[in-house]
Amino acid sequence: MNDAAHLLNATSGSTAAARRDPAREAWRQQRLGMEAAEEKHTPSAVTTRRHWFDFNQMLRVFGWGLRLCGLYERGIRNALDIQLKRMELGFANLPAEFDGFRILQLSDLHVDFLPEPLNAALDLIAGEEVDLCVLTGDYRKRVSGPFEHIMPAFEKLLARLRAQHGVYAILGNHDCADMVEAFEALGIDVLINQTRTIQRGQGQIHVTGTDDVHYYYTDAARAALDGAPKGFKIALIHSAELADVAAEAGFSLYLSGHTHGGQICLPGGLPIITHLSRHRRYASGLWRHGSMTGYTTTGIGVSGLPVRFNTRGEAVLITLRRA
Ligand SMILES: [Fe+2]
């Protein structure tokens, strides 16, 4: 059986399984409706996606401006210059068994726009053994249309990863409901407003992942955060737009992406556009909200234009420490 046929069969089986899960099927039908309506559901409003059309028109003009200035090629070189960012984060409430737990975060891969940054990231993480890999959304270039062409890149990614507790993924605003089954067929655990518990000896941590909240917010995302068990909790949410909700729900760590660190920034890394409707100050890097630590990665790939200025793409390797 060739790879495509295998994927097709696996996806069909998974679709049937998903349809036996009433909660997942209810989510899927709601999500498909929101995708078809091309609306933007944020925690504070429901609007059209007219801004996305306007933004892309603006980018087209900006791209020609870069070409005229001779900066376009330099921007592409910047976009291909990926780093592996390592950091240790300390938490007083981390169970002792999880001291040294390593999480690899890969975000905003947009693999069908520029594939090279993911290849560069794979080279950077080669040989790294991690405890958990989390994929925090935005896997393709477009916000609608087919996605099957990106799956080989994820097969390649999985073949190169060594993660003891596997790979969790959440959806971003570029991702569609039908991707879930295709990812699950590859062995990726897609968290849709769900929590997983990881046990080590007597200790445990909880990881809650929500659906995207930039285009597809529903109260189920908030309910998943509010309903997560007590203890050390990590939130995986594509954008930082639910930072306040997660902090109030007692999460210790919030991992997001979405902004690409601004992608095209002013000198000093100041983003011109964040695509955040809330918590814009959390557009990049480490931040605190109440007693919760957050990290917004600049991500691996790019969208709109294949360029970066004054911000660098990254894979992120976080080591949890009991502090
Ligand atoms: Fe993105």
Side-chain angles (χ1 to χ4, degrees), residues 35 38 40-42 49 51-53 55-56 58-59 62-63 75-76 78-83 85 105-121 134-145 147 149-150 153-154 157 168-177 179-180 183 190 209-217 236-243 254-265 269 271-280 282-285 294-316:
E35 290 170 13
E38 296 193 341
K40 181 182 176 186
H41 294 245
T42 73
R49 290 195 211 155
H51 74 287
W52 184 249
F53 177 77
F55 179 67
N56 279 314
M58 186 186 79
L59 276 182
F62 187 72
I76 293 174
N78 292 342
L80 304 185
D81 183 25
I82 302 296
Q83 65 177 327
K85 188 157 193 173
Q105 183 190 10
L106 306 175
S107 194
D108 297 86
L109 285 75
H110 298 290
V111 293
D112 51 345
F113 192 32
L114 269 190
E116 294 90 346
L118 175 58
N119 293 331
V134 297
L135 308 176
T136 47
D138 274 12
Y139 307 114
R140 67 177 174 185
K141 174 185 175 183
R142 293 169 57 88
V143 295
S144 61
F147 68 89
H149 60 289
I150 70 169
F154 288 88
L157 168 63
Y168 293 164
I170 55 171
L171 298 183
N173 60 303
H174 283 245
D175 307 322
C176 61
M179 279 184 196
V180 174
F183 274 12
V190 185
T210 74
D211 193 2
D212 167 62
V213 299
H214 186 68
Y215 275 10
Y216 300 109
Y217 172 81
L236 307 178
I237 303 176
H238 179 57
S239 66
E241 290 163 307
L242 285 190
Y254 186 122
L255 299 178
S256 66
H258 176 61
T259 61
H260 307 180
Q263 191 172 318
I264 296 169
C265 296
I272 301 167
I273 295 171
T274 65
H275 292 293
L276 292 174
S277 61
R278 313 172 75 232
H279 302 307
R280 289 190 178 91
Y282 303 152
S284 186
Y295 187 72
T296 304
T297 176
T298 58
I300 289 174
V302 287
S303 61
L305 291 174
V307 301
R308 281 186 188 262
F309 288 98
N310 300 310
T311 182
R312 193 174 176 191
E314 63 186 20
V316 184

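Counting convention: from 1, in listed order, for ligands and their atoms alike.
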Proximity of Tyr139 and Phe147 rings by center, below 6.0 Å:
no
Taking the side chain as every heavy atom from C-beta outward, state whether Arg312 and Asp81 have any atom pair closer than 4.5 Å.
yes
Let me check your reading of the structure: within less than 2.8 Å of the Fe ion (ligand 1), is there an N/O/S atom from His174?
no
At the Fe ion (ligand 1), OD2 of Asp108 and NE2 of His110 open up to roughly (10° bins) 120°
Looking only at side chains, do His260 and Asp108 share a donor and an acceptor under 3.5 Å apart?
yes
Heteroatom N/O/S of His260 within less than 2.8 Å of the Fe ion (ligand 1)
yes
Name whichever N, O or S atom of Asp138 ends up nearest to the Fe ion (ligand 1).
OD2
Quick one: does Asp138's side chain get under 4.5 Å of Asp175's, heavy atoms only?
yes
